[in-house]
Amino acid sequence: MALDWTPPRPGLGAWAVWRRNLRVWRKLIAPAVVLNFGEPTLYLLGLGFGLGAFIDTMNGMPYLAFLASGIIASSAMTTASFEGTYSVFTRMKVQRTYDAMLATPLALDDILMGEMLWCATKAAFSAAAILAVAGVLGVAGGWQALWALPVAFLIGLCFAGPALVVSAVSGNYDFFNYYFVLAVTPMLILCGVFYPIEGLPAAMQAAIQLLPLTHAVALARPLVAGLPVTDVALHVGVLMVYAVVGLYVALALTRRRLLV
Amino acid sequence: MTAVVRANDLVKCYGGFTAVDGISFDIPPARCIGVLGPNGAGKTTTLRMILGMTPMTAGSLEVFGLPMPAQGRAIRRRIGVVPQVDNLDPDFRVDENLEVHASYFGIDAATVRARLPALLAFANLSERRHAKTDTLSGGMKRRLTIARALINDPELVILDEPTTGLDPQARHVIWSRLMALRARGTTLLLTTHYMEEAERLCDELLIMDHGRMLDRGTPRALIRRHVEPEVIEVRSGDTADFADFAARHGCRLEAQGEGLSCYAEQSAPLLAYLQRHPALAYLHRPAGLEDVFLRLTGRDLRD
Ligand SMILES: Nc1ncnc2c1ncn2[C@@H]1O[C@H](COP(=O)(O)OP(=O)(O)O)[C@@H](O)[C@H]1O
Ligand SMILES: [Mg+2]
């Protein structure tokens with residue numbers, strides 16, 4: 001069937017979808033907090049102190065600060081990616097939540113926009129948890145670090161886009177393995193979370209400029225470490241493009257899937 | 001009065017397959033209209049088109065005088081839906097399901113809280129208001145879905161096989177709720193496989209098969225139009241002689257496995273014959289909707 005490429009026109013209904021997800025999440029707040037604080041704490045303490053013992057500074061900051069700022073970006077990515085795939089797929093297909101929503105004044109535009117906002121909210125929450133841990137460990141470079149929260153929200157929007165596209169074409173949960181193995185994990189390894197990308201071969205450095213996590217790290221790191229941020233418009237622009245194009249493509253594909 | 005739904009030459013194709021093949025009908029207000037048809041007749045597809053959840057291939061559709069799909073959101077704001085397959089939100093309790101669904105209509109929390117007690121009472125779920133939805137029985141889930149469909153105070157309620165799979169007790173409760181709704185002036189549009197349900201609830205019936213509208217009318221009118229008033233079903237014994245006798249008396253006969261259904265204008269001579277042949281076990285009954293249904297849609301199995 002031909003795709004319906006009518007541009008997204010989400011309305012206030014998107015917030016009703018967002019509030020629904022928030023309401024479910026509040027019921028599961030305890031495990032969510034354990035996960036969001038526990039995992040990054042482990043990373044920061046283990047890798048940060050373990051590797052930090054050998055590495056004095058990296059890019060002009062203590063290794064712990066380097067790592068914490070990178071993990072804020074990567075955690076926003078994985079949080080939004082999980083929510084936009086496994087959780088969205090559960091609501092769309094398994095629980096038929098979208099079917100119930102589509103029988104109300106909500107349009108699919110509202111539903112996907114609401115999901116995207118929710119992915120971003122969870123991303124910001126995970127960033128807040130890591131930032132809190134980083135603050136306690138004394139590696140945040142002042143109040144400027146709080147800018148990492150809106151940036152994490154933006155990173156969430158960015159990665160929700162492709163995740164929603166993957167959900168729209170997925171037949172089952174196993175399909176998401178491809179996305180994580182082929183897209184999310186390589187970004188985690190390659191885009192400068194654990195080490196500066198300047199060490200990579202030149203061709204590779206050029207290639208990873210196309211990957212959104214590179215730009216997410218480029219924004220989050222100086223903000224957290226208290227250093228000046230450069231090329232803001234470029235980084236924000238790349239993240240926005242992934243979000244907007246992702247939403248648009250996901251909407252067309254999800255229309256074909258559900259509105260038959 | 002103007003029609004609540006007006007469909008003109010509706011067509012729906014899935015690839016090369018035509019599921020709804022040019023149907024036209026209107027639904028008058030404050031009535032209960034039933035759509036009868038075997039599996040795959042196109043009932044669900046038709047309802048989904050009315051809701052704007054399935055784009056139509058051709059034809060035109062007005063709901064509340066507004067064009068579908070152009071005014072889809074405005075139209076759905078005034079409709080309640082009980083879908084064929086349950087889609088209650090398993091992440092929420094009974095009362096939360098109603099509150100969250102209301103939020104999709106933009107109904108504010110205070111208004112919902114004011115409406116909840118009456119809705120829960122209507123659905124006989126007041127005691128279970130804090131139960132998780134996956135602990136509810138099939139009948140309770142159906143009632144909750146009906147309560148959910150009423151959260152926006154709809155003018156039209158669309159129910160797709162509302163009682164399929166329920167036990168008789170649960171079915172009777174739902175029938176009484178639907179009667180109460182109709183008495184309030186809510187327009188009901190429902191599909192069903194149960195002739196008894198159609199006969200009890202519906203003012204008018206649309207009979208569909210293979211995506212086409214076969215006939216429309218009140219249950220009585222349909223029976224009068226399509227079948228003889230009396231039926232004698234001979235269930236066992238040597239039916240050959242009886243069949244000859246009945247045929248000579250102008251009856252219409254339908255074989256049914258071992259048995260035979262005999263549709264008659266006048267049953268007296270047949271009953272006299274059966275008195276003389278006690279080896280034949282039989283049932284004598286007035287013709288009903290099921291006879292109309294089988295006559296119009298045939299006895300072949302649909303899956
Ligand atoms: N999404 C779909 N894709 C292809 N065929 C479909 C789809 N939905 C329904 N059909 C077909 O359309 C016909 C009508 O289906 P439906 O409206 O569900 O019938 P009913 O509700 O009367 O049982 C059936 O033959 C069904 O297999
Ligand atoms: Mg159906």
Side-chain angles (χ1 to χ4, degrees), chain A residues 1-6 8-29 31-32 83 86-115 118 252 254-260, chain B residues 12-15 19 44-45 47-57 69 71-93 96-109 132-134 144-145 148-149 151-152 154 157-160:
Chain A
M1 201 174 81
L3 290 172
D4 173 1
W5 286 104
T6 312
R9 268 181 304 180
L12 285 178
W15 289 108
V17 176
W18 181 86
R19 275 197 308 276
R20 179 229 168 255
N21 291 341
L22 177 69
R23 195 163 176 173
V24 177
W25 187 72
R26 282 202 329 236
K27 290 172 179 264
L28 308 166
I29 190 92
E83 189 67 23
Y86 292 94
S87 304
V88 161
F89 187 74
T90 301
R91 294 190 277 271
M92 174 161 62
K93 174 114 191 280
V94 184
Q95 293 184 178
R96 298 173 171 276
T97 312
Y98 290 8
D99 282 348
M101 291 173 170
L102 287 169
T104 73
L106 295 180
L108 208 47
D109 308 39
D110 305 313
I111 297 176
L112 292 191
M113 187 70 230
E115 293 285 19
W118 175 243
T254 312
R255 279 180 187 137
R256 181 178 66 177
R257 177 174 197 150
L258 296 182
L259 305 180
V260 289
Chain B
K12 177 65 193 183
C13 302
Y14 292 110
T44 299
T45 305
L47 297 188
R48 285 177 57 92
M49 284 194 281
I50 293 173
L51 287 164
M53 293 170 75
T54 287
M56 48 205 174
T57 309
Q71 294 286 322
R73 287 182 200 240
I75 290 168
R76 285 192 296 274
R77 192 169 294 286
R78 297 159 67 180
I79 302 184
V81 182
V82 176
Q84 183 170 350
V85 183
D86 264 321
N87 56 23
L88 293 167
D89 205 322
D91 291 321
F92 291 120
R93 303 182 317 238
E96 289 175 318
N97 254 283
L98 299 176
E99 289 168 10
V100 169
H101 201 72
S103 75
Y104 303 151
F105 286 87
I107 302 171
D108 63 89
K132 295 246 337 176
T133 44
D134 48 16
L144 177 55
T145 306
R148 190 185 70 173
I151 196 81
N152 55 324
V157 179
I158 291 179
L159 308 104
D160 200 356

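In what follows, chains are A, B, ... by sequence order, proteins preceding strands, each numbered from 1.
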Interface residue of largest heavy-atom contact number with chain B, from [options], under 4.5 Å:
{"options": "A/Gln95, A/Arg96, A/Arg23", "result": "A/Arg23"}
{"options": "A/Pro105, A/Ala16, A/Ala103, A/Gly11", "result": "A/Pro105"}
{"options": "A/Leu28, A/Leu12, A/Thr97, A/Thr104", "result": "A/Thr104"}

* Enter the distance from B/Arg76:CZ to A/Leu102:CG here, rounded to the nearest 0.5 Å. =>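 Going from CZ on B/Arg76 over to CG on A/Leu102, the span is 7.0 Å.
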
* **CG-CZ distance between A/Leu259 and B/Arg48, expressed to the nearest 0.5 angstrom** =>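 Answer rounded to 0.5 Å: 7.5 Å.
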
* **NZ/NE/NH1/NH2 to OD/OE distance under 4.0 Å, A/Asp110 and B/Arg73** =>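 Yes.
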
Looking at [options], which makes the most heavy-atom pairs under 4.5 Å with chain A?
{"options": "B/Arg78, B/Arg148, B/Glu99", "value": "B/Glu99"}
{"options": "B/Asn152, B/Thr54, B/Asp91", "value": "B/Asp91"}
{"options": "B/Leu51, B/Thr145, B/Asp89", "value": "B/Asp89"}

* Asked: Can you name the closest pair of heavy atoms from B/Tyr104 and A/Met101 and give their distance?
  ->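 Heavy atoms only, the tightest pair is OH-CE, 3.2 Å.
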
